[in-house]
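Encoded as structure tokens, the structure appears first; notes follow it.
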Amino acid sequence: MTTQKIIWTEIDEAPALATYSLLPIIQAFTKGTGIEVETSDISLAGRILATFPDRLTETQKVPDNLALLGELALKPEANIIKLPNISASIPQLKAAIAELQSQGYQVPDYPEQPKDEAEKAIQTRYAKVLGSAVNPVLREGNSDRRAPLSVKNYAKQHPHKMAAWAPDSKARVAHMTAGDFYGSETSTTLPKATTARIEFVATDGSVKVLKEKLPLLEGEVLDSSAMSAKALRAFYAEQIEAAKKEGLLLSLHLKATMMKISDPVMFGHAVSVFYKDVFDKHAAVIKELGVNTANGLGDLYAKIQALPEAKRAEIEADLKAVYADRPALAMVDSDKGITNLHVPNDIIVDASMPVVVRDAGKMWGADGKLHDTLAMIPDRCYATMYKTIIEDCQQHGAFNPATIGSVPNVGLMAQKAEEYGSHDKTFFAPAAGTIRIVDADGATLLSQKVEEGDIFRACQAKDAPIQDWVKLAVTRARLTGAPAVFWLDKHRAHDAQIIAKVEKYLENHDTQGLDIRILSPVDAMKFSVARIREGKDTISVTGNVLRDYLTDLFPIIELGTSAKMLSIVPLLGGGGLFETGAGGSAPKHVQQFQKEGYLRWDSLGEFSAFTASLEHVANAYQNAKAGVLAETLDQAVAKFLDNDKSPARKVGQIDNRGSHFYLALYWAQALAAQGKDAELKARFAKVAQQLEASEAKINEELIGAQGKPVDMGGYYHPDHAKTARAMRPSATLNAIIDGM
Ligand SMILES: NC(=O)C1=CN([C@@H]2O[C@H](COP(=O)(O)OP(=O)(O)OC[C@H]3O[C@@H](n4cnc5c(N)ncnc54)[C@H](OP(=O)(O)O)[C@@H]3O)[C@@H](O)[C@H]2O)C=CC1
Ligand SMILES: O=C(O)CCC(=O)C(=O)O
Ligand SMILES: [Mg+2]
């Protein structure tokens, strides 16, 4: 029998913990079916170790799994389950490095301000680990994200809580009106392939090359845009005043994880504007300490620890004094005094704004209470659609998960499309002048006028992925009968180029009888939310950023969490990438697990992804057993939902581990009940019977393990044996699974 390999990625935080319990079950169930589920460690810690083999002993060395998976993703045999991983900010990277060092791995410190060439080289190596380092490598296809029907139906029957909107809600989204990426964007479609370069031209005419080689394909869409530092700072200053005047809680929503070059700096400007008095008064000391506001106010707090006691106390007192005449700040942890501005990776727009919608325009204040927020989302490319949904709720009230329709997404993502591939084409203007993209013949393709500190960004979207994306949209529209709306703004330079392509490529497909529209994000949002309020579904067909934002927004509104999404990436090379959910790695859940031995992570996303991965094996390799496994897993998930076996929230109730037991039980029962494969039927009849007979005992053992602190022997690089013990505390269940 030929075997088909499914790669299960090992990643970070809550989903990594869940894997310790779920994967043994999956491996046991697929045993002897021609399917091998293998792991590949692409965790933040694993990627750091893979980057510095020269610093490690032979036994400490690990392969560069991410590079290997990146190659695999291009091949037809690829079948990868990708769980969400940490997109590390610098504070997270530094914490992971410190932990590895404490475990005896001699990886170098992260040099924030490299002093020499050697340190510069280390920083360059770490740059590959920073931010969203995994997704762009594996996402060699476009994205199809939606709530599986069974999950949507479950949500309608068991609607989660949505806060009621007060008639006098003052919550609002604030964005810039000029000087942002939206306003400055220019875009072109390449008439022929070329290798361009990006250069800065100073006002005196001198030229500095910023990027030597930018290979461009024929038909590719290329953009340039710039964010004015001055305009951004003025915007922050204005909104700080406005929040104070309007009595609103000030919050800032960026994507500092994925947009690892631009957004931390935009975050840093907010820090230095909000705490302006301190940054002005102590400018010299702050400079000498090398405080980097891009790492948040937390960096200032950390670095002043090195100062003499009196100076440190003075700065701390001055920081406290700032709050007296500033608006209240949204809090991440009001007990510990962690504000929105402490670290750039705590409040991330795709996850944070949906929660603002769910909580009726409110965020947590320092008093531990919810307050109306003024949500700053500087750039207009994406702020306006959030503004629209907030205003819709103020007008029409909260969405009702029991009755609303669905907004699934078809997202342009392949080959580092758009802003999410712009990291190596993002630069800070060294002085006033122009930053331009010049083709191989010396002709300027695009350019931006800049002042010192402005953020220049170039983005690419290749033609083949765009064609595939249009096709996927038509396919989904045909399969579902729902209208498909391209969220494109003809007033935005990039979108205007894409609209031309969409119109052209739609002609390649039979669209008769389909409702396909192109609407601006504001109009698309209005259209889609009006329809969901009527219980109707509308497919959103979007670029890469809106794909990310909308697939958290609508699932959180519809299902309570984006973890329950089905997230399929049909790879352009013919393979499949199956992502689990649309959310992140839920650090909050790990903290709860460490503190009280309770893991809230819901693995429904993993269940759905694995079902889709099995279906792919069944279809691509005519593996009938894979088909039976997929079908029965789907039935098991339906029963799992019916019987409400998802993790609850508190000690004493079912948690992630208990939910896996029930999945195993229902899956075994479904396999025992099916008639398509006698061998599987016989094998699982026995397993089902064992699991049924031990249900009470297993529950007792699983719940008995809760309620006490758990030592995992590490956060970023936990001890395998300790974590496995904590995540598999039922000897009875383990004996059945390991005995299969
Ligand atoms: N695809 C990827 O690889 C992604 C990675 N990330 C990374 O994840 C990290 C954390 O990101 P963050 O934006 O805070 O988002 P998360 O999605 O990790 O967390 C937000 C909240 O979502 C809920 N949630 C998410 N997943 C589950 C689940 N399976 N079961 C139950 N609840 C869940 C919880 O909210 P509640 O308490 O409200 O129920 C959680 O606190 C960052 O490092 C980020 O870069 C983020 C997004 C995607
Ligand atoms: O890659 C990342 O940093 C996050 C991606 C993300 O949020 C998503 O795909 O939904
Ligand atoms: Mg996201």
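Starting from 1, each residue takes its place in the sequence as its number. Scope of the values below: all heavy atoms of this structure, side chains included, with no hydrogens, waters or symmetry mates.
In this structure, Q460 contributes its side chain and E220 its backbone to no donor-acceptor pair below 3.5 Å. Side-chain N or O atoms of R47 include one that pairs as donor or acceptor with a backbone N or O of I42 at under 3.5 Å. No side-chain donor-acceptor contact under 3.5 Å links H494 to the backbone of A461. For W469 (side chain) and V410 (main-chain N/O), a donor-acceptor pair under 3.5 Å exists by modelled atom type. Of the possible donor and acceptor atoms, one in the side chain of K681 sits under 3.5 Å from a partner among the backbone N and O of Q674. In terms of modelled atom types and a separation under 3.5 Å, the side chain of K31 and the main chain of M740 share a donor-acceptor contact. Side-chain atoms of S422 never come within 3.5 Å of backbone atoms of K425 as a donor-acceptor pair (strictly under, hydrogens ignored). Without hydrogens or angle criteria, S730 side chain to L733 main chain gives a donor-acceptor distance under 3.5 Å.
K471 and N508 share no side-chain donor-acceptor pair at under 3.5 Å. There is a side-chain donor-acceptor pair under 3.5 Å between W8 and T19. Using a 3.5 Å distance cut-off with no hydrogens or angles, the side chains of H589 and E13 do not pair a donor with an acceptor. S540 and T542 form no side-chain donor-acceptor contact under 3.5 Å, judged by distance and modelled atom types alone. Side-chain atoms of D12 and N85 form no donor-acceptor pair, as typed in the model, at a separation below 3.5 Å. Remark: the D548 side chain and the Y420 side chain contain an N/O donor-acceptor pair separated by less than 3.5 Å.
With sequence neighbours left out, the ring pair (Phe, Tyr, Trp, His ring centres under 6.0 Å) criterion links W601 to no other residue. Remark: Y505 pairs with no residue by the ring pair (Phe, Tyr, Trp, His ring centres under 6.0 Å) rule, at least two apart or across chains. A search for ring pair (Phe, Tyr, Trp, His ring centres under 6.0 Å) contacts involving H720 returns Y20, not counting sequence neighbours.
Of the inter-residue distances, the one linking I48 atom CD1 with Y105 atom OH reads 12.0 Å to the nearest 0.5 angstrom. Interatomic distance, CG of L550 versus CD1 of I557, reported as 9.5 Å (0.5 Å rounding). How far CG of L49 is from CD of Q60: 7.5 Å, rounded to the nearest 0.5 Å. Between atom CD1 of residue I97 and atom OH of residue Y716 there is a gap of 10.5 Å, rounded to the nearest 0.5 Å. Taken from CG in L571 to CG in N142, the straight-line distance is 10.0 Å, to the nearest 0.5 Å. The CG atom of L633 lies 6.0 Å from the CG atom of L663; values are rounded to the nearest 0.5 Å.
Between Y382 and Y549, the distance separating the two ring centers is shorter than 6.0 angstrom. In this structure, the ring of W667 has its center no less than 6.0 angstrom from the ring center of F607. In summary, the aromatic rings of Y110 and Y126 are positioned with their centroids under 6.0 Å apart.
Other residues, nucleotides and ligands contribute at most 12 non-hydrogen atoms within 6.0 Å of the NZ atom of K676. Atom NZ of K128 is surrounded by 12 or fewer heavy atoms from other residues, nucleotides or ligands within 6.0 Å. Dense packing is recorded around NZ of K61, with more than 12 heavy atoms of other residues, nucleotides or ligands lying under 6.0 Å away.
With salt bridges taken as basic N to acidic carboxylate O contacts below 4.0 Å, none links D350 and R547. Using a 4.0 Å cut-off between a side-chain N of Lys or Arg and a carboxylate O of Asp or Glu, E419 and K255 do not qualify as a salt bridge. A salt bridge is absent between R600 and D655: the closest approach of a Lys/Arg side-chain nitrogen to an acidic carboxylate oxygen does not fall below 4.0 angstrom.
Between L69 and T9 the shortest side-chain heavy-atom distance falls below 4.5 Å. Contact check for N409 versus R146: no side-chain heavy atoms found under the 4.5 Å cut-off. Counting heavy atoms from C-beta on, the side chains of M353 and L553 never come closer than 4.5 Å. Looking at N153 and S150, their side chains never come closer than 4.5 Å, going by heavy atoms from C-beta outward. Looking only at side-chain heavy atoms (C-beta outward), L671 and Q669 stay at 4.5 Å or farther from each other. The shortest distance between side-chain heavy atoms of F52 and R125 falls below 4.5 Å. Side-chain atoms of I80 and I6, non-hydrogen and from C-beta on, never get closer than 4.5 Å to each other. You'll find the side chain of T30 stays beyond 4.5 Å of the side chain of K625, heavy atoms only.
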Please report the C-alpha distance between R478 and H509 in whole Å, then the side-chain angles of each, then the deciding distance to 0.1 Å, and finally whether the side-chain contact (heavy atoms from CB on, under 4.5 Å) criterion is met. CA-CA 11 Å; R478 180 68 69 197; H509 302 281; over 6 Å; no
Would T2 and Y621 satisfy side-chain contact (heavy atoms from CB on, under 4.5 Å), going step by step from the backbone distance to the final call? CA-CA 10 Å; T2 57; Y621 301 97; over 6 Å; no
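Among residues at least two apart or in separate chains, side chain to side chain donor-acceptor pair (under 3.5 Å) pairs with a member in residues 555-577 are R145-S567, K152-E558, S406-E558, D552-S562. Among residue pairs with one or both ends in residues 64-80, none qualify as salt bridge (Lys or Arg N to Asp or Glu O under 4.0 Å); sequence neighbours excluded.
A pairwise comparison of heavy atoms in P344 and A256 identifies O-CB, 3.5 Å as the closest pair.
Taking the six-membered ring where the residue is Trp, W487 and F554 present perpendicular rings, their angle passing 60° and hence far from 30°.
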Show which side-chain atoms of residues 613-620 pair as donor or acceptor with protein atoms under 3.5 Å away, not counting sequence neighbours.
unit_1: S613; atom_1: OG; unit_2: N79; atom_2: OD1; d: 2.7
unit_1: S613; atom_1: OG; unit_2: N79; atom_2: ND2; d: 3.4
unit_1: N619; atom_1: ND2; unit_2: E615; atom_2: O; d: 3.2

